[in-house]
Colleague: 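One structure is given below, represented as structure tokens, and several questions about it will come after.
This is a predicted model, so every value here is computed, not measured.
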Amino acid sequence: MQQGIDEKILLAKAADTALLCEKHYTVKALGFLTPAEAAVIKAHLRQIGIPDIRLTFYGGYPDAERCMFMALPEYAEDDAMAEFVSALEISGRDIDALNHRDFLGSLLGLGIRREKIGDILCLEGKTLVFAAADIGEYIISNLDKVGRCGVKIRKVEPGEFEVPKRKFEEIKTTVAALRLDCIVAAALKTSRSVAAEVIKSKRVSVNWLECDNVSLQVNPGDTFSVRGAGRFILSDSLNTTKKGRLGICIEKAT
């Protein structure tokens, strides 16, 4: 079980969402989830699955980190998911001096529950907040200040905003195998023995789930994070050297 996640309750809520979709044959959503919560649900999708009901995740834009769990009837198009998420553009003088914590604190200060707020993207000259559609107008009407900065808010449609691609630093190296201890050692530029201790101390998550198995097989495309060191993606397996080592590329989020 993930620290801070009650898997039984979470999976029961996900199952209820799917059952309500089947009963009413309309799109149903479970509020914004952390990546770890989404990973728990993804690992149990077969148990939750219902014939003719599509289960997926949506956060307002491609590659969103915090997403809603969505249950859609067979007839529903992807556009139906957008009705559950409002994209809000916040602007104001000196807004670039504010950070994610400032915006989240001000939103929660309005009495809004955390699961009603998705990603908060601080961009140049503005901030995008993805929120549950049923509180979008409430935020627009009530949030007039973030920190000491007066702000203006407007709802924006998907075609009106562009989310910049996340920036990564590439780490190209070779490893003996695609084991977790080898990959973490490469990412941290340390020895396998040190990496193994980091993993055993439960400081590593793979695809958002805590992992203390040093020999876990890591696959290209997997995301892993090391507490205190950042988040990484094993982007590709490059080649095999003459000595039988694997050439890899790891992307570190910057």
Side-chain angles (χ1 to χ4, degrees), residues 1-7 10-11 14 31-45 56-69 99-101 103-104 114-115 117-123 128 130 163-238 246-254:
M1 181 182 295
Q2 287 294 288
Q3 186 176 8
I5 299 177
D6 190 320
E7 291 189 10
L10 178 63
L11 293 174
F32 287 103
L33 305 166
T34 66
E37 289 170 333
V40 168
I41 293 176
K42 287 176 183 176
H44 293 83
L45 278 183
T56 188
F57 296 84
Y58 179 74
Y61 69 99
D63 300 323
E65 188 167 289
R66 295 183 71 98
C67 293
M68 289 183 170
F69 172 65
N99 58 33
H100 183 282
R101 183 179 296 179
F103 288 97
L104 180 59
R114 183 64 181 94
E115 61 265 28
I117 305 296
D119 285 359
I120 299 172
L121 306 177
C122 298
L123 309 175
L128 287 176
F130 295 87
V163 176
K165 291 184 178 180
R166 290 189 173 95
K167 295 180 179 179
F168 294 94
E169 169 196 343
E170 285 192 343
I171 302 170
K172 291 185 178 181
T173 186
T174 63
V175 293
L178 296 182
R179 287 168 43 115
L180 185 57
D181 56 350
C182 296
I183 301 301
V184 170
L188 301 185
K189 300 178 182 178
T190 188
S191 67
R192 280 179 63 181
S193 59
V194 170
E197 288 304 313
V198 171
I199 295 165
K200 290 175 183 176
S201 66
K202 299 185 177 181
R203 290 170 51 199
V204 175
S205 294
V206 179
N207 295 329
W208 312 106
L209 298 178
E210 188 180 275
C211 181
D212 58 5
N213 179 4
V214 297
S215 60
L216 178 79
Q217 180 81 6
V218 184
N219 299 305
D222 283 351
T223 296
F224 63 99
S225 58
V226 181
R227 199 180 312 144
R231 186 184 309 158
F232 308 83
I233 298 174
L234 179 60
S235 66
D236 204 357
S237 182
L238 299 178
L246 296 171
I248 62 168
C249 178
I250 296 172
E251 296 179 345
K252 179 181 180 180
T254 58

Colleague: Using atom types as modelled and distance alone, determine if a side-chain donor or acceptor of Ser235 lies under 3.5 Å from a backbone N or O of Glu251.
Modeller: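 Such a contact is absent between Ser235 side chain and Glu251 backbone.
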Colleague: Between SG of Cys211 and NZ of Lys202, what distance do you get to the nearest 0.5 Å?
Modeller: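 It comes to 11.0 Å.
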Colleague: With side-chain contact (heavy atoms from CB on, under 4.5 Å) as the criterion, how do Arg179 and Leu216 come out once you've worked through the C-alpha distance, each side chain's angles and the decisive distance to 0.1 Å?
Modeller: CA-CA 5 Å; Arg179 287 168 43 115; Leu216 178 79; over 6 Å; no
Colleague: About how many Å separate CD of Glu7 and CD of Glu37, when rounded to the nearest 0.5 Å?
Modeller: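 The CD atom of Glu37 sits 10.5 Å away from the CD atom of Glu7.
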Colleague: Side chains of Phe232 and Leu188, heavy atoms from C-beta outward: is any pair under 4.5 Å?
Modeller: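 The answer is yes, as the side chains (C-beta and beyond) meet within the 4.5 Å cut-off.
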Colleague: Between Ile171 and Ala187, which heavy-atom pair has the shortest distance, and what is it?
Modeller: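 Looking at all heavy atoms of both residues, the closest pair is CD1-O, 3.8 Å.
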Colleague: What closest approach, in Å, do Thr190 and Ala195 show between heavy atoms, and which atom pair accounts for it?
Modeller: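 Here Thr190 and Ala195 meet closest at CG2-N, 4.3 Å.
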Colleague: Closest approach of Ala14 and Ile41, non-hydrogen atoms and distance?
Modeller: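 It is CB-CD1, 3.9 Å.
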Colleague: Return the orientation label for the Phe69 and Phe57 ring planes: parallel under 30°, perpendicular over 60°, tilted otherwise.
Modeller: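 Tilted: the ring planes of Phe69 and Phe57 meet at 30° to 60°.
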Colleague: Does the side chain of Asn213 reach to within under 4.5 Å of the side chain of Leu180, using non-hydrogen atoms?
Modeller: no
Colleague: To the closest 0.5 Å, what do you measure between CG (Asp212) and CD1 (Ile199)?
Modeller: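 Those atoms lie 9.0 Å apart.
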Colleague: Quick check: closest heavy atoms across Glu65 and Asp119, and the distance to 0.1 Å?
Modeller: N-OD2, 2.8 Å
Colleague: Nearest 0.5 angstrom please: Glu170 CD to Ile233 CD1, how far?
Modeller: 11.5 Å
Colleague: Rounded to the nearest 0.5 Å, what separation is found between the NE2 atom of His100 and the CG atom of Leu121?
Modeller: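 That separation rounds to 8.0 Å.
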Colleague: When you look at Trp208 and Thr34, which way does the side-chain contact (heavy atoms from CB on, under 4.5 Å) test go after all the steps?
Modeller: CA-CA 9 Å; Trp208 312 106; Thr34 66; over 6 Å; no
Colleague: Checking the side chain of Arg227 only, and the main-chain atoms of Ser205 only, is there a donor and an acceptor separated by less than 3.5 Å?
Modeller: no
Colleague: Could you please spell out the steps behind the side-chain contact (heavy atoms from CB on, under 4.5 Å) verdict for Leu178 and Leu246?
Modeller: CA-CA 8 Å; Leu178 296 182; Leu246 296 171; 3.8 Å; yes
Colleague: At what distance, to the nearest 0.5 angstrom, does CG of Leu33 lie from CZ of Arg114?
Modeller: 11.0 Å
Colleague: Given the rule in the side-chain contact (heavy atoms from CB on, under 4.5 Å) test, do Phe224 and Ile250 qualify, once you have shown the distances and angles that lead to the verdict?
Modeller: CA-CA 10 Å; Phe224 63 99; Ile250 296 172; 4.2 Å; yes
Colleague: Only one of Asp222, Thr223, Asn219 passes side chain to side chain donor-acceptor pair (under 3.5 Å) with Asn207; say which it is.
Modeller: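 The residue from Asp222, Thr223, Asn219 that satisfies side chain to side chain donor-acceptor pair (under 3.5 Å) with Asn207 turns out to be Asp222.
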Colleague: What's the shortest heavy-atom distance between Ile183 and Ala177, and which atoms?
Modeller: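 It is CD1-O, 4.4 Å.
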Colleague: Are the side chain of Arg101 and the backbone N or O of Leu104 linked by a donor-acceptor pair below 3.5 Å?
Modeller: no
Colleague: Which heavy atom of Arg66 sits nearest a heavy atom of Gly118, and at what distance?
Modeller: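 Answer, listing the atom of Arg66 first, then Gly118: CD-O, 3.8 Å.
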